[in-house]
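Below is one structure, written out as structure tokens, with a few remarks after it.
Just so it is clear, the structure is predicted and the values come from calculations on it, not from any experiment.
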Amino acid sequence: MELGRAGRHVLAAASWLTGPLTSPSTLDDYLGLVDPLLSARHPAGRITAVRAEGPAAATLTIRPGRGWRGHRAGQYLPVGVEIDGVRHWRTYSITSPPGLPGGPVTLTVKADPRGLVSPHLVHRTPPGTVLRLGPAQGKFVLTRPLPARMLFVTAGSGITPVLGILRTLARGRTGGLDVVLLHSAPEPDQCLLRTELTGLASRSPWLRLHLIHTRTDGRLTPERIVALCPDWRRREAWVCGPAGLLDAAQRQWGAAGLRERLRIERFRLMPVLPPRAGAMGGRVRFDRSGIEADASPSDPLLVAGEKAGVALPYGCRMGVCYGCLVPLVDGRVRDLRTGKVHGEPGELIQTCVNAAAGRLVLDV
């Protein structure tokens, strides 16, 4: 990653900040104040380019900072966007192939006229804007070893994670690959990234592209999938798009007894589970503030801290954005979504979705 002259000077001089009274998290906070891209605890990225993709979409090129840990092709990225002084978190599929740490990352965003964040990113976000970044997430990724026969079925903006996968395949060894992409959009001028898709197919003998325009051709139904890709049963499949397409694909592959060959991208929050019988909360010490409080087994640590008057960082409050990370000094926590008890000294804890599992100390 290129930190720039000011960033290099800050890191070179940072040793004077470290000492017996200065924790690593405090140093990270100082660095983040100088330049958000220097923070490892609260990752950020700076937009370096915005390219229009038709009248209602844009591709954002982002240079991540120190905290970025990379991604796998097909994953999505939580981004925190400041609008009128308020940070809003959204998730967008990564369209760039994995690269070197600190290398550029691209997101292709389609503006929803009913939304707040996507129109802001597409129409009102200039280069130089800093975004908060969560860790790359999602299991809609290529399997290893790479299957020789693949089928991708997408509709609308569902093409975005698949484009990241196709770009990754195009950079590797494509000998022996047989890939079919079925993509639907209302009409040609509303087909997101159409020029790149057709160009990639024209120069890639391993890729067969079928574009379906729903206003003239009708929907991309299971019957049409069978007609366009007769050997679909022998392929590993990835499907991304509206709920109706995903539901139909689950029924089609399920009826054929091939559910294990199907991967779908359906974003949904994990439910919060009630505490198990006998689950215990604990006494929580917020170390830097010197405040202690009792926390119940059902209260997120974020809520317990706020009740005690501790100013804790937060973003979405739903476990998506990772804006609430706090280092664990000692003790164990219980994930309210899975019930799993975990915790090691120095581990970054999502306080909005973890509860106390006994006595613990947080570095905040």
Side-chain angles (χ1 to χ4, degrees), residues 1-12 14 28 31-32 34-53 57-82 89-110 121-122 125-144 146 157 159-174 192-193 195-197 199-200 203-204 238 265 321-323 325 348:
M1 180 191 67
E2 297 181 4
L3 294 176
R5 181 178 299 176
R8 289 194 296 271
H9 287 172
V10 169
L11 289 176
D28 191 78
L31 294 174
V34 174
D35 183 345
L37 270 65
L38 297 177
S39 174
R41 197 165 72 132
H42 302 294
R46 181 170 284 113
I47 295 176
T48 59
V50 180
R51 184 181 72 245
E53 304 284 1
T59 293
L60 312 178
T61 301
I62 302 169
R63 179 168 65 89
R66 286 180 65 224
W68 174 247
R69 295 292 179 263
H71 74 284
R72 296 175 64 187
Q75 290 189 306
Y76 57 87
L77 178 66
V79 296
V81 185
E82 296 278 351
W89 285 90
R90 298 292 188 273
T91 57
Y92 298 102
S93 295
I94 302 172
T95 50
S96 53
L100 297 174
V105 175
T106 62
L107 307 177
T108 299
V109 180
K110 186 176 181 180
L121 287 173
V122 171
T125 302
T129 301
V130 173
L131 306 175
R132 280 284 302 276
L133 306 179
Q137 301 174 47
K139 298 181 180 179
F140 191 75
V141 296
L142 290 171
T143 56
R144 291 288 183 265
L146 197 65
S157 57
I159 188 61
T160 53
V162 169
L163 180 61
I165 292 173
L166 294 176
R167 286 171 168 171
T168 301
L169 292 175
R171 285 175 42 170
R173 296 179 180 177
T174 55
L192 189 62
L193 303 161
T195 300
E196 179 170 359
L197 290 173
L200 180 62
R203 62 179 181 271
S204 305
W238 288 257
E265 180 75 305
C321 74
Y322 288 74
L325 291 174
L348 292 175

For this session: List the steps and the verdict of side chain to side chain contact (heavy atoms under 4.5 Å, CB included) for Thr160 and Glu265.
Result: CA-CA 11 Å; Thr160 53; Glu265 180 75 305; over 6 Å; no
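- With respect to Pro127, the side chain to side chain contact (heavy atoms under 4.5 Å, CB included) criterion is satisfied by exactly one of Val50, Thr61, Thr48: Val50.
- At least one side-chain heavy atom of Pro78 sits less than 4.5 Å from a side-chain heavy atom of Thr91.
- Counting only distance, with no hydrogens or angles, the side chain of Thr129 and the backbone of Pro126 share a donor-acceptor pair below 3.5 Å.
- Pro64 is listed as a side-chain neighbour of Leu133, based on a closest heavy-atom distance under 4.5 Å.
- A 6.0 Å sphere centred on CZ of Arg167 holds more than 12 heavy atoms belonging to other residues, nucleotides or ligands.
- Closest of all the heavy-atom pairs between Val122 and Lys110 is CG2-C, 4.4 Å.
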For this session: Take Thr106 and Ile62 through the side chain to side chain contact (heavy atoms under 4.5 Å, CB included) test and state the conclusion after the steps.
Result: CA-CA 6 Å; Thr106 62; Ile62 302 169; over 6 Å; no
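- Considering Ile47, Thr95, Leu121, Ile94 in turn, Ile94 is the only one that fulfils the side chain to side chain contact (heavy atoms under 4.5 Å, CB included) rule with Leu107.
- In this structure, the side chain of Thr168 engages the main chain of Gly164 through a donor-acceptor pair within 3.5 Å.
- Inter-residue side-chain proximity for His71 and Ser96 is flagged as met; some heavy-atom pair is nearer than 4.5 Å.
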Exercise. Could you go step by step and tell me if Val162 and Ile159 meet the side chain to side chain contact (heavy atoms under 4.5 Å, CB included) rule?
Worked result: CA-CA 5 Å; Val162 169; Ile159 188 61; 4.3 Å; yes
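- Leu146 places a side-chain heavy atom less than 4.5 Å from the side chain of Leu169.
- A donor-acceptor pair is defined here as one N or O able to donate and one able to accept, closer than 3.5 Å; no such pair exists between the side chain of Arg66 and the backbone of Ser39.
- Checked against side-chain hydrogen bond (donor to acceptor under 3.5 Å, both in side chains), Thr59 has the following partners two or more places apart in sequence or in another chain: Glu53, Thr108.
- Within the 4.5 Å cutoff, side-chain heavy atoms of Val79 are placed close to those of Tyr92.
- Side chain of Glu196 to backbone of Leu193: no donor-acceptor contact under 3.5 angstrom is found.
- Minimum interatomic distance between Leu77 and Ala136 (heavy atoms only, all atoms of both residues): CD1-N, 4.4 Å.
- Judged by distance alone, the side chain of Gln137 and the main-chain N or O of Tyr76 form no donor-acceptor pair under 3.5 Å.
- Residues Leu325 and His42 approach most closely at O-CE1, 4.0 Å, considering heavy atoms.
- The two residues Ile165 and Trp238 make their nearest non-hydrogen contact at CD1-CD1, 4.5 Å.
- The two atoms that bring Pro98 and Ala73 nearest to each other are CG-N, 3.6 Å, heavy atoms only.
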